[in-house]
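Notes to accompany the following structure.
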2 protein chains.
Amino acid sequence: MASITEVARLAGVSTATASRVVSASAYPVSAATRARVLEAARTLDYVPNALARGLLKSRVPVVAVIVHDITDPYFAEVVRGVEDAASAAGYLVITCSSERNAERERSYIRLLRSMRAAAVVFAGSGLDDPALNEEMDRHLAAMQADGAAVVHLSPYAGGSPEVSVDNAAGIAAMVAELVALGHRRIAFLAGPRSLFVARERLAGYRRGLEAAGIPFDEAIVVRTSFDADGGALGVDTLLASGAPFTAVCCANDLLAFGALQRLAALGIAVPGAVSVAGFDDIPTAALTAPSLSTVRLPLREMGRRGFRHADRLLAGDVPAAEIMPTQVMLRGSTAAPPAADAPRAPHAADAAGVA
Amino acid sequence: MASITEVARLAGVSTATASRVVSASAYPVSAATRARVLEAARTLDYVPNALARGLLKSRVPVVAVIVHDITDPYFAEVVRGVEDAASAAGYLVITCSSERNAERERSYIRLLRSMRAAAVVFAGSGLDDPALNEEMDRHLAAMQADGAAVVHLSPYAGGSPEVSVDNAAGIAAMVAELVALGHRRIAFLAGPRSLFVARERLAGYRRGLEAAGIPFDEAIVVRTSFDADGGALGVDTLLASGAPFTAVCCANDLLAFGALQRLAALGIAVPGAVSVAGFDDIPTAALTAPSLSTVRLPLREMGRRGFRHADRLLAGDVPAAEIMPTQVMLRGSTAAPPAADAPRAPHAADAAGVA
DNA sequence: CTGAAAGCGCTTACAG
DNA sequence: CTGAAAGCGCTTACAG
């Protein structure tokens, strides 16, 4: 692979001059010289060595995105958004699936530091785990001290995210829609207790209930993992408790998928007997049967803005935090409760028997 | 950030010695010296500069995965597999969503070359586009000439993939299952005509039919894009044609999702009136209602092996190509045809009217 | 077993 | 407008 030395030699100029033209520096170079260098670069198929350049700048045009799991459609969307904005700016994106595992995060951050990645975008929410967070902070401080940009797209221990969405308002809006449909016994599948974002969403549920004058009932709030298994388990738990409900509001779409499936397996009609609502609007939400009513988060756009925020940070700016809008998407999984005047648990006894 | 020079100074040794211990070189260093260097590295929180090292080796521990779209669950799984194996080996993974767009691929390959990525894994199938392929080959040849490893996980213009699956056999196995269920009019949603992998899958469909002694009927084969929209469109096309069918075999799960949804919207029962089968077994395939019968591809494992293949290539080995097994997963979307003795198009006229 | 020195491919004061 | 030279942080013959 040709180096700038060879380009300079072929063009008959110094490497300084060659560098100035191929790196699009603002330094003045005569048009004739410039043309000769460009010509030489072309004939040698010259591709600058990002490592050599990075060694000087102590920074390489690479952004890392830390996700819980790239296989989760929520994160895949965010990564895609980061990628779109990043590649437009000549950056490459590194994907790190941390599994919320301290050891994995630690080793990723170390690799990223060794690579002199220019920026790190944390796509997922932080966990309320003091030990993990203390260690994370040390690494982050080191990266920032090196001049790397750090951006969060979800709440975390260190404070509020630079680019995000109002999770609580989003859930509250969905609760309001369910109430408007006639529901008053609205169960909530809350996700993991220690995940900051799950906490915000639970707060949104309470706020929505409050706005409608409906008392909060701990008996119909279930905390499970943030995935489809958690949704199925949540339905089982709700049914087993015997507490009545006509709608299940879920803290994310995966939970809703699991709930939908479990309900179908139990022969409980959606939305005939129970309504189900999700949150996030991942691409497949429109493909379930019935299609899922949910709250749309501008996931891809959050990724794009996350990159741009980092890019501005790198340029020395201090951009303001951004909060993006959410939007309720009413589809096939929600409807009025079966008997608006006397809401009861749908086949509670039968279903529990089936389960 | 501390450099090796500072570590060496603190330990009271030369940078050569310090380098030998921190880089785990095989070069002999006395135990006492080694301990002092390690201690210095620890107190300075020394993280080696991968760029400086990469500049010498002209290779950095980074693998790139070229996918069509990271947002497609098929690719997210493969990327995750690559990531798991790569991070275990101290590599970082770069994600490139090419959108099968020549310009995007070109610019990615250029960035990757400039970064001296050690390996490139092509997760998706090639397109039968001579112009694009000719250009791709040039870049790849340049990367390989630089010593980078290149691995394909799906068929492409240049030959057969290093790590893959027998697509044709997989589809043929699914056709055999449908036949065993009593179907003889099995429609096929084939995906894009120019994608090599779609061609293999179509060949598998023909082979499956042939094995069952069922004549191939072009009238019930539809070619569309490889996504849910394509599946919905495929169902409409099939219904509009008036040709009878009792099952729809799809070349991938996304197509099947679209078909399932369209069929539900038209009020055509699955699997009561028509059976639907997918291919790939992406994670959400088990979550649709009815759950999707499909063919499981070991996506994550393909990713892992893809990395390991690249790693071996980098080590100078010439590993043999690997073909991994597929497995038919029969779930809720397939059953015996409605009237095994007289298969007809389900509500063909009505449905077409609805559409 | 240890160290001095060259060199990987760039960019950037600095001098002209 | 152009170029000689230093230096970014490593590793590796080479000499001892």
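So you know, we letter chains A, B, ... as the sequences are listed, proteins then strands, and number each from 1. Remember, predicted model here, so these are calculated numbers, not experimental data.
No side-chain N or O of B/Thr15 forms a donor-acceptor pair with one of B/Thr5 less than 3.5 Å apart. Counted by atom type alone, A/Glu103 and A/Tyr108 present zero donor-acceptor pairs between their side chains at under 3.5 Å.
When both pairing distances are held under 3.5 Å, C/dA4 makes no Watson-Crick or G-U pair with any nucleotide shown. With a 3.5 Å ceiling on both atom-pair distances, C/dA13 lacks any Watson-Crick or G-U wobble partner.
Comparing D/dC10, C/dC10, C/dG3 by their nearest atom to the side chain of B/Ala16 picks out C/dG3. If you check D/dC10, C/dT11, C/dT2 against the side chain of A/Thr15, the one that comes closest is C/dT11.
Atom CG in B/Leu44 sits roughly 14 Å away from atom P in D/dG9 (whole-Å rounding). C/dT11 atom P lies 12 Å from atom CG of A/Leu51, rounded to whole Å. Atoms CG (A/Asn49) and C1' (D/dG9) sit 14 Å apart, rounded to a whole Å. Regarding A/Arg9, its CZ atom lies at a distance of 11 Å from the P atom of C/dG9, rounded to whole Å. Straight-line distance from the CG atom of A/Leu56 to the P atom of D/dC8: 9 Å, rounded to whole Å. In this structure, the OH atom of B/Tyr27 is 13 Å from the P atom of D/dG16, given to the nearest Å. Distance, B/Ile4 CD1 to D/dT11 C1': 9 Å, rounded to whole Å. With rounding to whole Å, B/Arg20 atom CZ is found 13 Å from D/dC10 atom C1'.
A sub-4.0 Å separation between OP1 or OP2 of D/dG9 and a side-chain N or O of B/Ser3 is absent. Neither OP1 nor OP2 of C/dC10 sits under 4.0 Å from any side-chain N or O of A/Lys57.
Between A/Phe196 and A/Tyr156, the ring center distance fails the sub-6.0 Å criterion.
For the pair B/Leu112/A/Leu92, a side-chain contact is recorded, criterion being any heavy-atom separation below 4.5 Å from C-beta on.
Between B/Leu55 and B/Arg36, the one whose closest nucleotide on DNA chain C sits nearer the 5' end is B/Arg36. In terms of position on DNA chain C, the residue among A/Thr17 and A/Met1 whose nearest nucleotide sits closer to the 5' end is A/Met1.
Between A/Arg9 and A/Glu6 there is no salt bridge, since no side-chain nitrogen of the basic residue lies less than 4.0 Å from a carboxylate oxygen of the acidic one.
Separating the P atom of D/dT2 from that of D/dA6 is a span of 23 Å, rounded to the nearest Å.
Counting any heavy atom pair closer than 4.0 Å across all strands shown, A/Ser23 reaches sugar-phosphate atoms only and no base atom. Residue A/Thr33 is classed as a sugar-phosphate contact, given heavy-atom separations below 4.0 Å to backbone atoms only. A/Ser19 comes within contact range of at least one nucleobase, with a heavy-atom separation under 4.0 Å.
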